[in-house]
Amino acid sequence: MGAFCLIRSHGCGKLNKANKGQKVTLAGWVDRRRDHGGLIFIDLRDRDGKVQVVFNPEISKSCHRTANQLRNEYVISTSGQVALRPPGTENKKLASGDVEVVADSIKILNESRTPPFYINEDSEIDENIRLKFRYLDLRRPHMMNNLLLRHRVIQFMRNYLDNIGFVDVETPILIKSTPEGARDYLVPSRIYPGKFYALPQSPQQLKQLLMVAGVEKYFQIAKCFRDEDTRADRQPEFTQLDIEMSFIDEEDILTLLEGLFTSLIETIKPDVNIVKPFARLDYAKSIELYGTDKPDLRFGMEIGELSDIAQQTDFAIFHDTLQNRGRVKGICVPGCAGYSRHQFNEINDIAKDAGAQGIITISLDSLGKSLDELTIGDIKSVAAKYLTIDQVRDMAISLGAKAGDLLLIIAGDNDLANTVLGKLRLELGYRLNLANPNKYSFVFIENFPLFEKSKESNYYQPMHHPFTSPREEDMKLLDSAPEKVFGRHYDLVLNGYEIAGGSIRIHKSDLQRKVFHLMGYSDNEVEQRFGHLLEAFNYGAPPHGGVAAGIDRILMLMAQEATIREVIPFPKNQNAVDVLFDAPSSVSEEQLAELNLLLRL
RNA sequence: GGCCCCGUGGUGUAGCGGUCUAACAUGCCACCCUGUCACGGUGGAGAUCAGGGGUUCAAAUCCCCUCGGGGUCGCCA
């Protein structure tokens, strides 16, 4: 740790045979004490790791006496000689396990209460307690590693982009509320009574203005704020790698992303397997095959269309569905023909939770046979008596099934069938361990519709955001059939998580105005909310586009954590509460008065 | 706002109508121990079973409500 450390000469975890005989001074926390009466061992821990320190009364009586008072998490500094451990007592589990420090002086820098949970072992602890004592939680090596990983990833991104000509520009945190999209966090203005700043949901408009300014290649590690409900992969404030470029098209951005993420993972996680080149999938295709626009491509189990086969059967449920413009679709669950009653119930529950009325299961309970040898007696299904063996075989072939597999079939509305089967695919795929945790399966999702019809109003709302450019060839459809227009938008998905999204932007004010109008904004509203952007486009705005990547999610995946909170040093809980600071909290009457605020509760 | 899961010494779990005066592991405290490393040994302290109400002769256990936590749908331009 070097030059700046006044009371230490080395990091604990960095000591090894090469330091043999050196006199060192260490500082850190007592990870564990082993008192043998005559001899006391301490594992001393700092950011770099651990090393064993020996207190021998024959070396120093007073040190040994002091070591006797030590407890876990006491902060000490100690000096002594690095010695090879006696043969046979090396500890292979410890990086510094070949050596130990024989202490000849020790100072207790601070005592510690017994911590509310274990720092020195990795066990499940109630998250509320962890968050309340986050400074202790982060002291655990596991969390410290996540924190250091975060540092290395962000450092890598900065260097990578700097090397290819990108400029890091900071944008303000106090800006203007531009409703639509997510709810804003508002900050009252003291100087202007009754007026508010908003925290940025993302630096979107600012980076576009930087393109107008001529920055050409911009990036920022940007904090974003959205006042929406949390999820395992969503927090009220989160961090994006924000990128924008001028004079480029989609391919330039996809190439940049592929290069950046490939070399990021290869540098920081050299042992994992990246599927290269990154896959590409149409939005519509993704929905049809995986029931989602963020598919996990580490395993197959694709959704298959069975409507044509269903049409030929004598099964009333199939016919009713098809008559009502519904579809019959299915997936194959490999090797699960022998599922128990209980397991079938679970599958049924998943399907119902996802909105299905029911699910039809067909067990090809005939292990060892080929599909050709199947007989109707091998088929276990409530629908068996309405199906011929040829129909079952055709379904099995459509879904890529073999004997011993389980077919799950949903009859219903197309969207619903996709959603339900997509959910079952994920759930069962994970249960069957089909998703290799060391595989990084990136996929670009392309060709999103520009708009979707709003449920509440008669207007259109953007799939991505209102600044996304329509495809050139669809421009004329904007007036006649906006729902048929495709946007120049793309997402990057990794192992079932959307980790980046971007687009080529609109850079002309008349087109931007038209899109706002389709969203239902009046001229007046457009001027009020986005006048600054439209005006900027009138002064030589270059064509441009960019992307924003969710750094917390990327880190979550790299650290193999189940939630984003594990890679955020000080996250909020599911109810958006910071339990360490107890925020949000009340403020004094004086503070409210100064802001001209009156609470209406 | 809806749905699902969880709440038992400091921590993690067991117990799921009576045997609970609540068990186990670890941690904590005291003493013993010179080669351990999740050290070992002996002894000890530590729990209104989240809170409230109900059912019952009897509730940690069953039911209802509240609170807290997690997951998810809605929401997230």
Side-chain angles (χ1 to χ4, degrees), chain A residues 31-44 50-59 64 68 71-73 83 85-94 96-97 100 102 113-133 136 177-184 200-202 204-205 224-236 238 346 349-350 352-355 419 423 426-427 450-452 454-456 460-468 487 489 498 501 503 515-516 519 521 529-530 548 550 562-563 565 573-575 577 579:
Chain A
D31 190 68
R32 204 169 237 124
R33 182 176 68 118
R34 292 178 292 280
D35 184 349
H36 286 242
L39 205 56
I40 296 174
F41 299 98
I42 298 284
D43 290 337
L44 190 64
K50 291 187 277 196
V51 70
Q52 173 164 281
V53 183
V54 196
F55 297 90
N56 189 332
E58 285 162 21
I59 305 285
H64 184 263
N68 218 3
R71 294 295 179 270
N72 286 354
E73 302 311 316
R85 293 193 184 193
T89 66
E90 299 87 356
N91 184 354
K92 286 180 211 66
K93 291 184 220 159
L94 224 53
S96 64
E100 60 192 5
V102 182
R113 285 191 188 174
T114 302
F117 49 79
Y118 303 110
I119 312 272
N120 55 15
E121 59 185 83
D122 223 1
S123 58
E124 293 284 313
I125 309 152
D126 183 78
E127 202 176 347
N128 228 20
I129 297 171
R130 289 177 56 201
L131 291 177
K132 191 164 172 187
F133 296 91
L136 295 180
S177 176
T178 56
E180 299 312 309
R183 275 181 276 264
D184 285 321
Q201 294 174 24
S202 82
Q204 181 62 35
Q205 294 183 61
C224 305
F225 305 87
R226 294 178 192 173
D227 187 3
E228 297 293 345
D229 287 352
T230 65
R231 285 290 182 277
D233 64 348
R234 269 163 41 189
Q235 281 271 301
F238 59 99
E346 280 182 344
D349 287 345
I350 297 169
K352 287 201 164 153
D353 282 350
T419 310
K423 201 156 209 175
L426 266 195
E427 180 71 32
L450 187 62
F451 294 113
E452 54 191 347
S454 167
K455 279 150 246 159
E456 299 95 50
Y460 295 91
Q461 56 188 38
M463 278 293 265
H464 183 45
H465 58 49
F467 314 110
T468 298
H489 165 211
E498 180 193 324
S503 64
V515 168
F516 284 137
M519 291 170 61
Y521 290 176
R529 291 174 184 177
F530 301 104
T563 87
R565 285 173 248 119
N573 73 9
Q574 190 172 70
N575 299 311
V577 171
V579 291

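Letters go in sequence order (proteins before strands), and every chain restarts at 1.
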### Message
Under 4.0 Å, counting only non-hydrogen atoms across every strand here, what does A/Pro462 touch: a base, just sugar-phosphate, or nothing?
### Response
sugar-phosphate

### Message
Mind checking if A/Asn573 touches a base, just sugar-phosphate, or nothing, with heavy atoms under 4.0 Å?
### Response
sugar-phosphate

### Query
Looking only at side-chain N and O atoms, does A/Asn56 come under 4.0 Å of OP1 or OP2 in B/U34?
no

### Task
Provide the distance between the two C1' atoms, one in B/C67 and one in B/C32, to the nearest whole Å.
48 Å

### Message
Roughly how many Å apart are B/G51 and B/G69, using the C1' atom of each and rounding to a whole number?
### Response
15 Å

### Task
Examine the base of B/U36 for any acceptor or donor lying under 3.5 Å from a partner atom in the side chain of A/Arg85, and report the outcome as yes or no.
yes

### Message
Applying the 5.5 Å / 30° rule, does A/His36 stack onto the base of B/U36?
### Response
no

### Query
What about A/Glu228, does its side chain sit under 3.5 Å from the base of B/G74 through a donor-acceptor pair?
no

### Message
Is A/Lys423 close enough to B/U72 that one of its side-chain N or O atoms is under 4.0 Å from OP1 or OP2 there?
### Response
no

### B/G54 and B/A60, which share atom name P, separated by this distance in whole Å
15 Å

### Query
Rounded to the Å, how far apart are A/Arg71 CZ and B/C29 C1'?
8 Å

### Message
Measure CZ/A/Arg529 against P/B/A77 and give the value in whole Å, please.
### Response
15 Å

### Task
Would you please classify the geometry between the A/Phe516 ring and the A/Phe530 ring as parallel, tilted or perpendicular, with 30° and 60° separating the classes?
parallel

### Message
What is the separation between atom CD1 on A/Ile40 and atom C1' on B/C32, rounded to the nearest whole Å?
### Response
13 Å

### Message
Between A/Gln52 and A/Arg34, is there a side-chain heavy-atom distance shorter than 4.5 Å?
### Response
yes

### Message
Taking atom types as they are modelled, would you say the side chain of A/Glu124 forms a donor-acceptor pair with the base of B/U11 within the 3.5 Å cutoff?
### Response
no

### Summary
A/Asp233 atom CG is separated from B/C73 atom C1', nearest whole Å, by 14 Å

### Query
Using the C1' atom in both, what is the distance from B/A25 to B/G9, to the nearest Å?
13 Å

### Query
With a 4.5 Å heavy-atom cut-off, do A/Asp184 and A/Gln201 have their side chains touching?
yes

### Task
Scan A/Asn120 against the nucleic acid and name what it touches under 4.0 Å (heavy atoms): base, sugar-phosphate only, or nothing.
nothing

### Query
With a 3.5 Å cut-off and just heavy-atom distances, do the side chain of A/Asn128 and the base of B/G70 make a donor-acceptor pair?
no

### Task
Check every atom of B/U72, B/G35, B/A38 against the side chain of A/Phe41 and return the nucleotide holding the closest atom.
B/G35

### Task
Pick the P atom in B/G15 and in B/A23, then give their distance to the nearest Å.
15 Å

### Query
Which nucleotide, in any strand shown, forms a Watson-Crick or G-U wobble pair with B/G46, with both distances under 3.5 Å?
none

### Message
Both distances below 3.5 Å, Watson-Crick or wobble geometry, any strand: find the nucleotide opposite B/A23.
### Response
B/U13

#### Entry: From A/Arg130, A/Glu127, A/Gln574, residue fulfilling side chain to side chain contact (heavy atoms under 4.5 Å, CB included) relative to A/Arg565
A/Glu127

### Query
So what does A/Glu90 hit on the nucleic acid, given a heavy-atom distance under 4.0 Å: a base, only sugar-phosphate, or nothing?
base

#### Entry: Of the listed nucleotides B/G71, B/C75, B/G35, the one nearest the side chain of A/Glu100
B/G35

### Query
If we take the P atom in both B/U11 and B/A47, what is their distance in whole Å?
12 Å

### Query
Separation of A/Asn68 atom CG from B/C29 atom P, in whole Å?
12 Å

### Task
Test for a donor-acceptor pair under 3.5 Å between the base of B/C28 and the side chain of A/Arg113, counting only N and O atoms.
no

### Query
At under 4.0 Å between heavy atoms, what does A/Ser123 touch on the DNA or RNA strands: base, sugar-phosphate, or nothing?
nothing

### Query
Are any non-hydrogen side-chain atoms of A/Pro86 and A/Glu100 less than 4.5 angstrom apart?
yes

### Task
Report yes if the side chains of A/Pro200 and A/Gln205 come closer than 4.5 Å at any heavy-atom pair, otherwise no.
no

### Message
Quick check: do A/Gln461 and A/Met519 have side-chain heavy atoms less than 4.5 Å from each other?
### Response
no

### Message
Less than 4.5 Å apart, side chain to side chain, heavy atoms only: is that true for A/Thr114 and A/Asn72?
### Response
no

### Task
Please state whether the phosphate of B/G69, meaning OP1 or OP2, lies under 4.0 angstrom from any side-chain nitrogen or oxygen of A/Asn575.
yes

### Message
Rounding to an integer number of Å, can you tell me how far A/Tyr118 OH sits from B/A38 P?
### Response
15 Å

### Message
With a 4.0 Å cutoff (strictly under), does any side-chain N or O of A/Arg226 reach OP1 or OP2 of B/A77?
### Response
yes

### Summary
Taking for A/Ile129 and for A/Asp35 the nucleotide of RNA chain B with the nearest heavy atom, the one nearer the 5' end belongs to A/Ile129

### Query
Does A/Thr468 make a side-chain donor-acceptor contact with the base of B/A77, cut-off 3.5 Å?
no

### Message
Return whichever of A/Val579 or A/Pro466 has its heavy-atom-nearest nucleotide of RNA chain B closer to the 5' end.
### Response
A/Val579

### Message
If I pick the C1' atom on B/A59 and the same atom on B/G53, what distance separates them, to the nearest angstrom?
### Response
13 Å

### Message
With a 4.5 Å cut-off on side-chain heavy atoms, are A/Asp227 and A/Phe225 touching?
### Response
no

### Query
Is A/Arg231 side chain donor-acceptor paired with the B/G74 base, going by distance under 3.5 Å alone?
yes

### Query
Side chain of A/Gln204: nearest nucleotide among B/G71, B/G70, B/A77?
B/A77

### Query
Is there a stack between A/Phe117 and B/U11, judged by ring centres under 5.5 Å and planes under 30°?
no

### Query
Do the side chain of A/Arg34 and the base of B/C33 come within less than 3.5 angstrom through a donor-acceptor pair of N or O atoms?
no

### Task
Would you give the length of the straight line joining atom CZ of A/Arg32 to atom CZ of A/Phe41, rounded to the nearest 0.5 angstrom?
14.5 Å

### Message
Would you measure the distance from the P atom in B/G7 across to the matching atom in B/C49 and give it in whole Å?
### Response
15 Å

### Task
Take atom NZ of A/Lys352 and atom P of B/C3, then tell me their distance rounded to the nearest Å.
17 Å

### Query
Does the base of B/C37 carry an N or O that pairs as donor and acceptor with the side chain of A/Arg32 under 3.5 Å?
no

### Message
Checking contacts here: which listed nucleotide (B/U36, B/G69, B/G10) is nearest the side-chain heavy atoms of A/Thr89?
### Response
B/U36

### Message
Just N and O in the side chain of A/Asn72: are any of them under 4.0 Å from OP1 or OP2 of B/C28?
### Response
yes

#### Entry: d(CG, A/Leu131; C1', B/G70) in whole Å
12 Å

### Query
Are OP1 or OP2 of B/G71 and a side-chain N or O of A/Gln574 less than 4.0 angstrom apart?
yes

### Watson-Crick or G-U counterpart of B/G7, or none if no pair lies under 3.5 Å
B/C67

